[in-house]
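Here the structure comes first, spelled out in structure tokens, and everything after it is commentary.
Heavy atoms only: backbone and side chains are in, while hydrogens, waters and symmetry mates are out.
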Amino acid sequence: MTESLLAGLNPEQRAAVTLPHESALILAGAGSGKTRVLTTRIAYLIQTHQASPHNILAVTFTNKAAKEMLTRLAAMLPINVSGMWIGTFHGLCNRLLRTHYRDANLPQLFQILDSQDQQAAIKRLLKSLNIDDEKYPPKSVQNFINSNKEAGHRAGDLSAHDPFTRRLIELFAAYDEQCQREGVVDFAELLLRCYELLSRNEALREHYRNRFTHILVDEFQDTNRLQYRWLHLLAGPQAAVFAVGDDDQSIYAFRGANVGNMREFERDFNARQIIRLEQNYRSHGHILNAANALIKQNSERLGKNLWTSEGEGEPIRVFEAASDNEEADFIVDEVKNLQREEGVNLSDIALLYRSNAQSRVLEHKLFNAGVPYRVYGGLRFFERQEIKHALAYLRLIANQNDDGAFLRVVNFPPRGIGARTIENLQDASQAAGVSLWQAASGGAVSGRGGASLQAFVHLIAQAREATQGLPLAELVEHVLAVSTLIEHYEASKGESERVENLNELVNAAAAFEQEVRQEEEIEGLAGFLSHASLEAGEHQAGSGQDALQLMTVHAAKGLEFYAVFVSGLEEGLFPHDQSFNDADGIQEERRLMYVAITRARRRLYLTHAQSRMLHGQVRYGLASRFLEELPQNVLKAVGSRSRPMASSWNTGGWNDGWRSNSRSYDEPAPFRPKDDTPVSGGFHIGQNVSHAKFGIGVVIGSEGYGDDVRLQIKFAVGTKWLSLKYAKLDPA
DNA sequence: TAACATTCCGTTTTT
DNA sequence: CGGAATGTTA
């Protein structure tokens, strides 16, 4: 009966899925069917009655991966998977801490700080202690605290010999006290608290150890020290830990990921064997050969060689441009050709770069050429200012001691509570050792500001009263209404998007109640607020339109595309300057390049430019060393198709290695909206337009696509960004 | 308090 | 160069 589950698996995949009850490391190469193995393993355990859904714990890094796993599992098994413990490290810890909040010494409705909130909390702390934030930048303090927590250290565990570090440790301690007082918990704290809870409380630990006989971990190479120890603690001696990962795709060392965990796993978890998944179902041969050859240059690998039963496929195309502009022109041309002549969907083409700053030239050219594109990264839904404000009201209703939330909205929208009043309030609360809310409701501040404060306290208290027992969506609606946030944004020009987002928040609450709630088994407001912190939402509202995918190489991990462009392959950019210091840095960059290459199914372009505008200066970069580390026989130097290479330069022809002397795009070619070039939103860069209020102007920039296009226009009165959706623009 | 000027900074990023 | 984050002024 398990045959249908196992059908179509290759021998290694099958071996992994059907392993006996023991810990094992699965080295899963790019495109080797990792997620399939993971989910099939779970289904297999359940179907063969080696475990019930109750006995399984599966950990991922992103909510997306967790959701994907649940979806696939639901398709494989005739059971309700929604109650299963499948989630992110942070999500699962949150669940545990909510269940055992008393043992964890937390208020029932503790709130979760995202990085933004945490930084704000630190700034506040520094201010209250009168500490110079020049000498102790909040960012560094935050980093100090988080990296220590991620190493499992509390302030009390640390010692220092220099006064500077001693001060940092004091700040660490003071920060934790502040959080405890306010009933808030940051991301690292979520894990550390949970770890401490389990290690301190033996009964609880044994309970979960007995329950989770099978623990499965995705992206194991990305675990940090604390996550590793958490797994080790929870697994105990009996559990079988199924760790899936790829050391060659470890690209998050900079944020604490420790590849060493993979090497130590065998010893610490008594793993009997390592299973290698090396058959790649994604890419053609040349692409894999390039990837294999590149990654071979790294030391201390666990070792792995990808292969495919498909053919070699096309050579990898290498293009050298004279400038970043020319590079972008080339890419735009090739994308159009792929789309028009080969019928490739734009959404099946990715444009990758090392750092976000590189997207701007590319976007500019794409917009001008009328190629729809979507940029990944940037602000996400729950990170937007207006949403944060709304959430702060909600947080205050759930927990009045949340000073961060209090300060965020006490005078937003403006209600006559100035900096002076707030200072007085803070002094009073500090003196009395109570929260801002308590101080305010106790009438700690007198005068006009004091009266306004009373009104605010009253507003929140009323809202709290009025929303008791209301369904989540109605609760949110009510709070939005009394906060007057929407009115505020409606009254100010150019903020209509914020109004839309606030209305969308009500939908998000309704959706949460319907879908997520049963899965997370954390109810009501606290659940929704956790959800908002732990899952910040989509980067951009997907317009659903077929669009070229622009993103950093980091963001591309786990994805695949028919065609991939890796741009900016220059020394200093990719590999990045700041990786030159240590050998590990370069190795991580190389792994990054490995990730980039292995995203491509059929076609891969590697491009670099001799000169590039960076930080307002022209930089001249040599071709990336990674280009030279690739086997030359899988590469093909290309020029542009639409404008042949200047033959007088091209002494060597097209195929002598990857170097080419293309000068084809050097010439100006300012705008070419003539013949067949479609133009986004009916406008193009350089075009003269007229606006009712600002008069005549010229389009000098753009961003977004579809119904989200914004144009940068230089008017006599100055340069403005206008949304095509709202601004009335006419060609002039 | 909002609009405007100035300064500073500049991988990668999920939770 | 361009943005974010301050600082300054009406």
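- Rounded to an integer number of Å, the gap from CZ of A:Arg612 to C1' of B:dT11 is 14 Å.
- Summarising the geometry, the separation between CZ on A:Phe187 and P on B:dT13 is reported as 16 Å, rounded to the nearest angstrom.
- Nearest nucleotide to the side chain of A:His554, out of B:dT15, B:dT13, B:dT11: B:dT13.
- Stacking of A:Arg395 on the aromatic ring of A:Phe406 is not recorded, the 6.0 Å distance cut-off and the 45° axial limit not both being met.
- Contacts of A:Gln118 with the nucleic acid, taken as non-hydrogen atoms under 4.0 Å apart, are absent.
- Between A:Phe381 atom CZ and B:dT15 atom P the separation is 16 Å, expressed in whole Å.
- Contacts of A:Asn146 with the nucleic acid, taken as non-hydrogen atoms under 4.0 Å apart, are absent.
- Contact between the side-chain N/O atoms of A:Thr552 and the OP1/OP2 oxygens of B:dT13 is found at a separation under 4.0 Å.
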Walk me through whether A:His488 and A:Phe412 qualify under ring pair (Phe, Tyr, Trp, His ring centres under 6.0 Å).
CA-CA 9 Å; A:His488 173 80; A:Phe412 194 95; 4.8 Å; yes
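- Put simply, A:His90 does not rest on the base of B:dT15: the two rings are not both less than 5.5 Å apart at their centres and under 30° in tilt.
- Residue contacts shown for A:Phe254 include a base, since a base heavy atom lies under 4.0 Å away.
- The neighbour count for A:Arg420 CZ, taken as heavy atoms of other residues, nucleotides or ligands under 6.0 Å away, does not exceed 12.
- The side chain of A:Thr88 sits closest to B:dT15 out of B:dT11, B:dT15, B:dA2.
- With a glycosidic angle further than 90° from 0, B:dT12 counts as anti.
- Here the side chain of A:His576 is nearest to one of C:dG3, B:dT1, B:dT11, namely B:dT11.
- Between A:Tyr252 and A:His554, the angle of the ring planes lies from 30° to 60°, which puts this pair in the tilted group.
- For the OP1/OP2 pair of B:dT14 and a distance below 4.0 Å, the side-chain nitrogens and oxygens of A:Arg380 include at least one atom meeting the criterion.
- Looking at heavy-atom distances under 4.0 Å, A:Lys123 makes contact with sugar-phosphate atoms alone, never a base.
- Counting any heavy atom pair closer than 4.0 Å across all strands shown, A:Ser533 reaches no nucleic acid atom.
- Sequence order on DNA chain B of the closest nucleotides to A:Ile251 and A:Pro413 puts A:Pro413 first from the 5' end.
- Between the CD atom of A:Glu134 and the C1' atom of B:dC8 there is a distance of 11 Å, given to the nearest Å.
- Between A:Asn581 atom CG and B:dT11 atom P there is a gap of 13 Å when expressed in whole angstrom units.
- With DNA chain B read from its 5' end, the first of the two nearest nucleotides for A:His488 and A:Glu589 is the one closest to A:His488.
- C:dA5 and B:dT12 have their P atoms separated by 15 Å, with the value rounded to a whole Å.
- A:Asn356 comes within 4.0 angstrom of the backbone, heavy atoms only, and of no base.
- Rounded to an integer number of Å, the gap from CZ of A:Arg360 to C1' of B:dG10 is 13 Å.
- In this model, a donor atom of one side chain and an acceptor atom of the other lie less than 3.5 Å apart for A:Ser355 and A:Gln358.
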Working note: A:Tyr101 + A:Phe110, criterion ring pair (Phe, Tyr, Trp, His ring centres under 6.0 Å); need CA distance, chi angles, decisive distance, verdict.
CA-CA 9 Å; A:Tyr101 66 92; A:Phe110 70 85; 8.3 Å; no
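- Here the C1' atom of nucleotide B:dT15 and the CD atom of A:Gln119 are 16 Å apart, to the nearest Å.
- Rounded to whole Å, the distance from CD on A:Glu189 to P on B:dT14 is 22 Å.
- Using a 4.0 Å heavy-atom distance criterion, A:Phe89 is classed as making no nucleic acid contact.
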